[in-house]
2 protein chains.
Amino acid sequence: MKKTSSTIRDVAAAAGVSVTTVSKFINHAQRFSPPVEARVQAAIDELGYRSNPLARSMITGETRTIGLAILDILNPHFTSIVKGANRVALQHDYTLLLVDTEESQDHEQVLIEALAQRVDGVIVSSRMPEQSVQWMLELHKPVVLFGRNHHFPIPSVGTDSYLASYMLARHLLNQGHRSIAYVGFGQSRWNNERIRGVQACLAEQGLSASVYDAQAASPQGGERACSSIMLGPNRPDAVICYNDLIALGFIKAARALGFSLPQDVSIAGFDNVPYGEYASPALTTVDLQSEKMGEIAMLKLIDALAGKNDTEYSLLEPRLVVRDSTMRRAGASASEDASAARAIPIRKGTSR
Amino acid sequence: MKKTSSTIRDVAAAAGVSVTTVSKFINHAQRFSPPVEARVQAAIDELGYRSNPLARSMITGETRTIGLAILDILNPHFTSIVKGANRVALQHDYTLLLVDTEESQDHEQVLIEALAQRVDGVIVSSRMPEQSVQWMLELHKPVVLFGRNHHFPIPSVGTDSYLASYMLARHLLNQGHRSIAYVGFGQSRWNNERIRGVQACLAEQGLSASVYDAQAASPQGGERACSSIMLGPNRPDAVICYNDLIALGFIKAARALGFSLPQDVSIAGFDNVPYGEYASPALTTVDLQSEKMGEIAMLKLIDALAGKNDTEYSLLEPRLVVRDSTMRRAGASASEDASAARAIPIRKGTSR
DNA sequence: GTGAAAGCGCTAACAC
DNA sequence: GTGTTAGCGCTTTCAC
């Protein structure tokens, strides 16, 4: 084990050829006569030579590396995104570099700018308001965003949150729930869409949801939000949480308060994180196709890197996953649910 | 938005100074006369100049970046490690670059070698056998490992798996279980230690665990392993799983097979992932201090980068977390648990 | 205080 | 096929 690693010049000298020959050889850019190739290869093995990617990147201008900034690595929704993005990156011979901005939200921009300098392009999940991401355009690098941006022409991917929450609300209505609460997460981009979806659906029945806010998009946030909602004057019979993590925390806290779930209250979330399935009661949720979001974002970025710049915003379809945390409300007629599918289309005033 | 980003030379020209002055200014390596500093700053703002970290790294030889290779980003155990490592990195002004090797296990070495070239040092969680990590020494970079390596002097961190599984086995014995199965994950480094811990504890009672293997360290692995164990001729009354994910899957599958948990069988895992708490029944597990492992690994690496090279292996203490998935076996006397600490050593030849 | 010049390790014209 | 040369954008002696 040598102290300092050898350079291309060392190899060239050892093999008795020029650096160009070595460079071309290691990049498979050209074939050489068998004796030369043999000598070069021998020298490389001998010296344990490894090409320095930094030096290479400086000239070629590309790092074969893509940056991904996520909001919270502890949230399985984001790890699924990473999984999808990573798989595609690997397939295209890119390395994914991940940054978790949760620990330093104030420095989100700084962190991402620093990341952008070391990679060919970045995929960003951000909490910043849509109108204040101008700086991303000044990165001089391709950027893909999670969530549509109406102010700037940045390619993006997202799942239809409005539709997702509309579906969830409809499901709860169909089950006979009438007093529905929404526990949101105000810092998120998606929160407003989800509120709108719920309210639009309830409005069709002349109803309205009570809107609360969890201070964190985590189980702890849900736990903390629970008591004031469940023990307050307007106890809901169903609760839609901003995400599965909040829902899981809410469930735990509600049980600790003595409620039976789902008999006393139905709970649902968004994301379809893997662990909702193992919770008790198993969590009803909306699958937002996290992994696919990651895949598509990466595909878009790789396309942008290749010069293509056609697609702007890809909208994925949400899928309702009904489990045990939502149940037919006692007193609701059995026919109501069955007729729902037919009933919806003829209703009037469905609009976003 | 300019097409190409400006260089230090552009700034120097615009400010009417030399590149040296600009370089020193941006690195805060030296103060200059107020008018010069003002002009340089103005030029930087004007041109939107950002120093190219690649070019900088080429000269300084450091990237202020640390690589972390984990086995599976979908496993909350690893994301907790990342969380801890990331926090420490940020505090020390380092950026963490993450690589998930799960998607391409065959290329683990290649991936890590590539990563190592772009960072100042790497923290590695590996599935490779201890004796075949010689190549890590030839990276010419500081390396920190998860799990002790007896063959090479590489700094490492780990939680005492032997003790952890011994504790779990003891807990189950105390609850009156006598037929205990271990569902392992043969590909893991830690698996043998865990088997040994369980067997050593049981051996003290003249017992022995049946050892099985889940093919994957995931809920799916646990689900698949369940039926042959629970419906086979030697149905255990308690099952220790290699990790919480396998345990969660096992629980789900066992219920699907019609078993009542924990009445029919107690289940326990390792890691104390956040979602075990929300499962039904809530999962008994051993907290391996994942986040702290990440913190310590990063601390060790930063120390190594600073030239310190004192500590070799840090062993963290496991902590048993008893929840509802393990319960007193019907028929076990109530006094047994309380007196267990004293009673066990003197028992002789208890066998199934 | 400020600047000129020499590279870091590599690739990319362009010769021969 | 193989080699020469000129940099990529930056830091760093070492002069002035």
Side-chain angles (χ1 to χ4, degrees), chain A residues 2-41 43-44 47-65 114 116-120 140-141, chain B residues 2-41 43-44 47-65 113-114 116-120 139-141:
Chain A
K2 295 195 328 319
K3 204 68 214 163
T4 172
S5 38
S6 44
T7 77
I8 196 173
R9 248 184 293 272
D10 300 330
V11 176
V17 298
S18 76
V19 289
T20 309
T21 302
V22 180
S23 172
K24 294 211 171 125
F25 177 78
I26 57 178
N27 291 314
H28 309 104
Q30 189 183 313
R31 299 304 307 248
F32 297 88
S33 59
V36 169
E37 297 206 344
R39 262 153 52 212
V40 173
Q41 186 59 58
I44 289 174
L47 294 156
Y49 169 75
R50 330 226 70 218
S51 160
N52 180 336
L54 266 58
R56 176 172 214 287
S57 294
M58 264 201 65
I59 296 184
T60 62
E62 66 162 35
T63 62
R64 300 294 314 172
T65 274
Q117 299 234 68
R118 330 188 133 274
V119 299
D120 293 344
H140 305 301
K141 295 271 172 76
Chain B
K2 293 197 327 319
K3 205 65 213 163
T4 172
S5 39
S6 42
T7 78
I8 197 173
R9 247 185 293 273
D10 300 330
V11 175
V17 299
S18 75
V19 291
T20 309
T21 302
V22 179
S23 172
K24 295 208 169 130
F25 177 78
I26 56 178
N27 291 316
H28 309 105
Q30 189 184 313
R31 298 305 306 250
F32 296 89
S33 60
V36 168
E37 296 206 343
R39 262 156 47 216
V40 173
Q41 186 59 58
I44 288 174
L47 294 157
Y49 169 74
R50 330 223 71 220
S51 160
N52 180 336
L54 266 59
R56 175 171 214 288
S57 295
M58 264 202 64
I59 297 182
T60 62
E62 67 164 32
T63 63
R64 301 287 322 166
T65 274
E113 283 178 341
Q117 299 235 64
R118 332 189 132 273
V119 299
D120 294 344
L139 251 26
H140 304 300
K141 295 273 171 77

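Throughout, a chain's letter reflects where its sequence line sits, starting with A, and its residues are numbered from 1.
At least one donor-acceptor pair under 3.5 Å links the side chain of A/Lys141 to the backbone N or O of A/Ala116. One N or O on the side chain of B/Arg118 and one on the backbone of A/Thr63 form a donor-acceptor pair closer than 3.5 Å. Proximity of a side-chain donor or acceptor of B/Gln117 to a complementary backbone N or O of A/Ser51 within less than 3.5 Å is detected. Put simply, the side chain of A/Thr60 gets close to the backbone of A/Arg56: a donor and an acceptor are under 3.5 Å apart.
When rounded to the nearest whole Å, the span between CG of A/Leu54 and P of C/dG9 equals 11 Å. Spacing between atom CD1 of A/Ile8 and atom P of D/dC8 amounts to 18 Å, rounded to whole angstrom units. Whole-Å rounding puts the A/Arg31 CZ to D/dG1 P distance at 10 Å. C/dG9 atom P lies 13 Å from atom NE2 of B/His140, rounded to whole Å. Rounded to a whole Å, the CD atom of B/Gln30 is 13 Å from the P atom of D/dT13. Whole-Å rounding puts the B/Asp10 CG to D/dC8 P distance at 11 Å. In this entry the distance linking CZ of A/Arg39 with C1' of D/dG3 reads 13 Å, nearest Å.
Nearest to the side-chain atoms of B/Arg9 among the listed nucleotides C/dG9, D/dG9, D/dT11 stands D/dG9. Between D/dC10, C/dC10, C/dT2, one nucleotide has an atom nearer to the side chain of A/Thr7 than all others, and that is C/dC10. In the set C/dG3, D/dT2, D/dT5, C/dG3 carries the atom at the smallest distance from any side-chain atom of B/Val17. Of the listed nucleotides (C/dA12, C/dA5, C/dC10), C/dA5 has the atom at the smallest distance from the side chain of B/Val19.
Of all the residues in residues 56-65 of chain A, A/Met58, A/Ile59 reach under 4.0 Å from DNA chain D with at least one non-hydrogen atom. Using a 4.0 Å cutoff on non-hydrogen atoms, the parts of residues 21-29 of chain B near DNA chain C are B/Thr21, B/Lys24, ordered by number.
Regarding contacts with the backbone of D/dG9, every side-chain N or O of B/Arg50 stays at 4.0 angstrom or more from both OP1 and OP2. Of the side-chain N and O atoms in A/Ser18, one or more sit less than 4.0 angstrom from OP1 or OP2 of D/dG3.
Separating the CZ atom in A/Arg39 from the OG atom in A/Ser33 is a distance of 7.5 Å, to the nearest 0.5 Å. Between atom OG of residue B/Ser57 and atom CG of residue B/Asp120 there is a gap of 7.5 Å, rounded to the nearest 0.5 Å. In this structure, NZ on A/Lys24 lies 8.0 Å from OG on A/Ser18, to the nearest 0.5 angstrom. Distance check, rounded to the nearest 0.5 Å: CZ of B/Phe25 to CD of B/Gln30 gives 12.0 Å. Going from atom CD of B/Gln41 over to atom CD1 of B/Ile26 covers 10.5 Å, rounded to the nearest 0.5 Å.
Contact annotation: side chain of A/Thr20 to base of C/dT11, donor-acceptor pair absent below 3.5 Å.
Defined by atom type and a distance below 3.5 Å, a donor-acceptor pair is missing between the side-chain atoms of B/Ser23 and B/Thr20.
An end-to-end axis angle of 30° holds for the helix from C/dG1-D/dC16 to C/dC16-D/dG1, taken from five base pairs per end and rounded to 10°.
Counting non-hydrogen atoms under 4.0 angstrom, A/Ser33 reaches the backbone sugars and phosphates but no base.
Counting heavy atoms from C-beta outward, A/Phe32 and A/Val17 have side chains that stay 4.5 Å or more apart.
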B/Asn52 and B/Thr7: CA distance, side-chain angles, deciding distance, side-chain contact (heavy atoms from CB on, under 4.5 Å) verdict | CA-CA 8 Å; B/Asn52 180 336; B/Thr7 78; over 6 Å; no

